[in-house]
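Data first, discussion second: the structure below is written as structure tokens.
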There are 2 protein chains.
Amino acid sequence: MATMKDIAKIAGVSLGTVSHVLNGSAGVREPVRRRVLDAVRSTGYQPSQLARGLRRVQTNVIGMIIPDITNPFFPAVVRGAEDQAFSHGYRLILCNTDNDHSKELAHLNELRTYLPAGLIVIPSTFSDLTTQAKSYREVGTGVVCIDRLPKDWGGDTVTANNQKGAYKATQHLIQLGHTQLATISGPLHLTNARERLNGFKQAVKEARLQIASEYIQESTFDKQGGVTKAELLLRLIPRPTAIFAGNDMIALGVLAAIRDAGLRCPEDVSVFGFDDLELAETTNPSLSSVSQSGYHLGSTAANILLERIQGYMGPAKHIVLETSLKLRDSVAPPAPHLPIRRATAGKHRPAPG
Amino acid sequence: MATMKDIAKIAGVSLGTVSHVLNGSAGVREPVRRRVLDAVRSTGYQPSQLARGLRRVQTNVIGMIIPDITNPFFPAVVRGAEDQAFSHGYRLILCNTDNDHSKELAHLNELRTYLPAGLIVIPSTFSDLTTQAKSYREVGTGVVCIDRLPKDWGGDTVTANNQKGAYKATQHLIQLGHTQLATISGPLHLTNARERLNGFKQAVKEARLQIASEYIQESTFDKQGGVTKAELLLRLIPRPTAIFAGNDMIALGVLAAIRDAGLRCPEDVSVFGFDDLELAETTNPSLSSVSQSGYHLGSTAANILLERIQGYMGPAKHIVLETSLKLRDSVAPPAPHLPIRRATAGKHRPAPG
DNA sequence: TTGTAAGCGTTATCAT
DNA sequence: ATGATAACGCTTACAA
């Protein structure tokens with residue numbers, strides 16, 4: 001592989017001059033400039049990012065730490081970040097934490113030795129990111145936190161408007177005539193899960209509906225959790241006529257549980273998801289969902305980082321991306337032939353099965 | 001950030017000694033060793049991967065080049081590679097090419113300047129990887145090619161047994177009684193698409209069925225392609241009673257087209273996919289598919305790389321992963337009340353719509 | 001405008 | 001067994 005020394009020799013100039021034309025760090029006379037550039041082209045020379053980074057105390061890599069690329073919501077986030085980073089000359093080192101904060105810590109510690117230009121992090125459960133990020137910022141490396149936030153996080157953030165999204169979805173169910181609502185939230189130690197639950201509660205409250213506590217369940221953000229909690233909800237009397245799921249994976253589980261209970265969606269129970277994953281339109285029935293753009297989440301984060309890299313020293317930015325409702329077949333008005341009474345009215349039809 | 005110099009000073013030894021205890025590159029007396037290790041722990045020292053890589057002419061990063069992380073088959077591949085790499089001390093730099101060979105080339109050229117320990121590549125369409133990889137191998141960097149192969153590729157490979165998988169799926173359809181088969185393959189310039197088509201043809205031939213050429217369609221590997229080609233197939237007379245799709249995304253499109261044509265799956269048309277994506281079990285009806293493990297594909301590739309890194313100089317390895325059939329609701333025997341005649345027998349029921 | 005040389009944090013060679 | 005030192009490929013004062 002050709003090095004700068006080779007270029008210097010071929011072009012008949014010094015090392016410094018080559019560097020100057022490559023970085024525009026000093027004026028170089030046109031004929032000399034041309035000779036250098038010709039040598040670069042003829043050899044296919046590419047500067048060693050390693051040597052450059054070591055010297056500049058900053059590489060062109062951006063570290064990206066996420067829980068699990070296999071989770072269907074994250075690839076779009078990664079892609080958004082990569083596109084934005086790539087088009088500005090930065091590359092991505094990808095790390096999965098499996099929501100394990102010790103694995104996150106290990107990544108954080110090692111990543112630093114690559115002198116990355118910045119970090120984009122979807123914090124793991126019980127993340128200690130706040131402490132760690134301090135040592136990054138001390139050396140001027142930006143860290144932006146996305147999707148969900150660790151305790152006491154003071155830095156840049158990009159998140160979806162989870163509360164409003166959940167609020168709008170719940171409101172929609174209520175407007176359809178549902179009064180017997182239920183929800184299965186994600187793990188409540190995650191900020192996004194909490195915000196979504198808050199949105200649900202807000203809509204319920206505004207509509208002056210009474211929701212007994214059994215109708216609010218907490219789950220992991222996956223299908224199995226959705227199945228388990230939905231089975232529970234479907235056995236309640238009166239049975240909920242609409243379930244708002246904390247994300248689409250939970251909603252998938254709800255759909256399965258409804259089918260397994262011999263019920264129909266949306267005729268017996270409406271289901272609303274969150275994320276609007278690709279699979280939402282291929283489920284049976286297709287899933288109504290609160291749509292958020294993972295791609296935009298990632299690209300916005302990369303953008304903030306680029307601003308920081310270019311010297312922005314202002315206060316932390318907190319960007320909140322709006323969501324929209326994607327209405328599909330999994331929601332419908334409650335069955336009209338069943339008079340809905342207050343939850344306190346007790347049984348009004350036998351439990352299924 | 002603490003450097004080796006700091007450790008040396010704290011432990012009261014020379015730089016070389018610190019390096020020796022850290023790398024075990026020479027015997028160091030226990031008390032000295034202990035002093036160094038203590039200094040490392042107390043400072044939280046981590047060696048600069050940049051400096052180390054520059055000196056060793058090899059970093060602990062593995063470059064991974066894929067078409068698009070957003071394609072639902074690839075995240076598992078990346079995860080498999082990452083897990084295997086990570087547990088051996090290697091990190092992943094992820095690059096998306098969008099199947100654009102010039103973007104692939106750019107990544108290939110720049111990645112080299114990071115002195116990666118190896119490369120895992122899912123080649124883009126019309127990839128020139130074969131040429132590029134040569135320059136990597138010259139400096140001893142392994143390149144393993146997975147999923148599909150570029151022209152004249154001579155290096156290590158990990159692929160699924162595409163032909164056999166497609167063969168088994170088609171055979172299964174035939175055993176159910178289908179004789180009016182059709183297929184929508186992926187782009188035939190991709191080796192995996194070609195192999196799957198070959199498997200389909202092999203099964204057809206063995207069963208001595210006649211398939212007119214209109215029943216074999218080529219598509220892109222996505223849903224829209226599946227819709228378009230399926231619409232075409234469903235208008236043929238006689239209409240195929242079973243469609244083998246080149247992958248699950250195409251199959252998704254086929255499912256949609258069947259529904260839009262007012263037909264039912266599997267009653268009117270059976271559908272078989274390939275890949276067994278997660279979404280295969282949530283479609284309506286759930287999708288039968290040839291299951292291949294993306295995770296295994298990635299981890300096997302990383303393994304080969306690790307062997308090469310550890311000095312294996314033997315001939316190129318060609319690992320072929322077996323597939324299995326995942327049978328779900330989208331396939332059934334052909335409708336019994338319709339006597340099946342030879343394709344050459346002409347119309348035997350009016351075209352739909 | 002161009003050249004010289006120090007130094008980034010390691011590893012590896014060679015003394016001691 | 002340990003220490004001194006050159007070198008990896010580049011950037012950046014500073015000198016010319």
Side-chain angles (χ1 to χ4, degrees), chain A residues 1-37 39-40 43-61 89 109-117 139-141, chain B residues 1-37 39-40 43-61 89 110 112-117 139-141:
Chain A
M1 249 190 336
T3 71
M4 254 179 62
K5 219 164 31 184
D6 300 325
I7 305 298
K9 189 174 294 175
I10 295 176
V13 297
S14 76
L15 265 184
T17 304
V18 176
S19 180
H20 283 139
V21 346
L22 256 37
N23 301 303
S25 45
V28 174
R29 250 185 311 204
E30 195 48 33
V32 180
R33 212 182 102 81
R34 182 164 302 277
R35 269 186 359 248
V36 170
L37 259 21
V40 166
T43 56
Y45 167 77
Q46 301 245 152
S48 161
Q49 295 295 342
L50 245 41
R52 179 184 287 215
L54 184 60
R55 182 55 230 245
R56 285 195 179 160
V57 203
Q58 171 106 292
T59 60
N60 68 341
V61 332
N109 278 331
E110 193 198 339
L111 224 33
R112 191 173 16 220
T113 76
Y114 285 101
L115 305 179
V139 294
T141 307
Chain B
M1 250 190 337
T3 71
M4 254 178 61
K5 221 175 1 198
D6 300 324
I7 304 298
K9 190 173 293 175
I10 295 175
V13 297
S14 76
L15 268 183
T17 304
V18 176
S19 180
H20 282 140
V21 348
L22 258 35
N23 300 304
S25 43
V28 175
R29 250 183 313 204
E30 195 49 32
V32 180
R33 211 181 102 81
R34 181 164 302 276
R35 273 190 351 252
V36 170
L37 258 21
V40 166
T43 56
Y45 166 78
Q46 302 244 154
S48 162
Q49 295 294 342
L50 246 40
R52 179 182 287 212
L54 183 60
R55 185 53 234 244
R56 285 194 179 161
V57 202
Q58 171 104 292
T59 61
N60 68 341
V61 332
E110 193 198 341
R112 188 171 20 214
T113 75
Y114 285 99
L115 306 179
V139 294
T141 307

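All values reported here derive from a predicted model rather than from experimental measurement. Atom set for the values below is all heavy atoms of this structure, side chains included, hydrogens, waters and symmetry mates excluded.
The shortest distance between side-chain heavy atoms of B:Val40 and B:Leu22 falls below 4.5 Å. For the pair A:Asn23/A:Arg52, a side-chain contact is recorded, criterion being any heavy-atom separation below 4.5 Å from C-beta on. The closest side-chain heavy-atom distance from B:Ile10 to B:Thr43 is below 4.5 Å. The shortest side-chain heavy-atom distance between A:Thr113 and A:Glu110 falls under the 4.5 Å cut-off. By the 4.5 Å heavy-atom criterion applied to side chains, A:Met1 and B:Leu115 are counted as neighbours. Residues A:Arg112 and A:Val139 are not in side-chain contact: their nearest non-hydrogen atoms beyond the backbone lie 4.5 Å or more apart.
Atom pair B:Leu22:CG and C:dG9:C1' shows a separation of 12 Å (rounding to whole Å applied). Atom-to-atom, CG of A:Leu115 to C1' of C:dC8 comes out at 9 Å; the value is rounded to the nearest Å. Spacing between atom CZ of B:Arg52 and atom P of C:dC8 amounts to 19 Å, rounded to whole angstrom units. For the pair A:Glu30 CD and C:dT1 C1', the computed distance is 13 Å after rounding to whole Å. Spacing between atom CZ of A:Arg56 and atom P of D:dC8 amounts to 21 Å, rounded to whole angstrom units. Taking atom CG on A:Asn60 and atom P on D:dT11, their separation rounds to 12 Å, with Å as the unit. Taking atom CD of residue B:Gln58 and atom P of nucleotide D:dC8, one finds them 17 Å apart after rounding to whole Å. For the pair B:Asn23 CG and C:dG9 C1', the interatomic distance rounds to 13 Å; values are reported in whole Å.
Residue B:His20 has its side chain nearest to D:dT2 when only D:dT2, C:dT11, C:dT2 are considered. Here the nucleotide nearest the side chain of A:Tyr45, chosen from D:dC10, D:dT2, C:dT2, is D:dC10. The B:Ser48 side chain lies nearest to C:dG9 when the options are D:dT2, C:dG9, D:dC10. In this structure, the nucleotide among C:dA6, D:dT2, C:dA12 sitting nearest to the side chain of B:Val32 is D:dT2. Of the candidates D:dT2, D:dC10, C:dA12, D:dT2 carries the atom nearest the B:Ala26 side chain, counting heavy atoms from C-beta on.
Taking 4.0 angstrom as the limit, A:Arg29 places a side-chain polar atom (N or O) nearer than this to OP1 or OP2 of C:dT2. Note on B:Arg55: every side-chain N or O is 4.0 Å or more away from OP1 and OP2 of D:dA7.
Separation of atoms CG (B:Leu15) and NZ (B:Lys9) is listed at 10.5 Å; rounding is to 0.5 Å. Taken from CG in A:Asp6 to CE in A:Met4, the straight-line distance is 10.5 Å, to the nearest 0.5 Å. With rounding to the nearest 0.5 Å, the separation of OH in A:Tyr45 from NZ in A:Lys5 is 12.5 Å.
Among all heavy-atom pairs drawn from A:Gln58 and A:Pro116, the shortest one is OE1-O, 3.2 Å.
Proximity of residues 9-18 of chain A to DNA chain D (heavy atom under 4.0 angstrom from any strand atom) is restricted to A:Gly16.
Nearest-nucleotide mapping onto DNA chain D: of B:Leu54 and B:Arg33, the residue sitting toward the 5' end is B:Arg33.
Summary for the helix from C:dT1-D:dA16 to C:dT16-D:dA1: the axes at its two ends, each from 5 pairs, differ by 50° when rounded to the nearest 10 degrees.
The residue A:Ser19 sits close to a base: some heavy atom pair falls under 4.0 Å.
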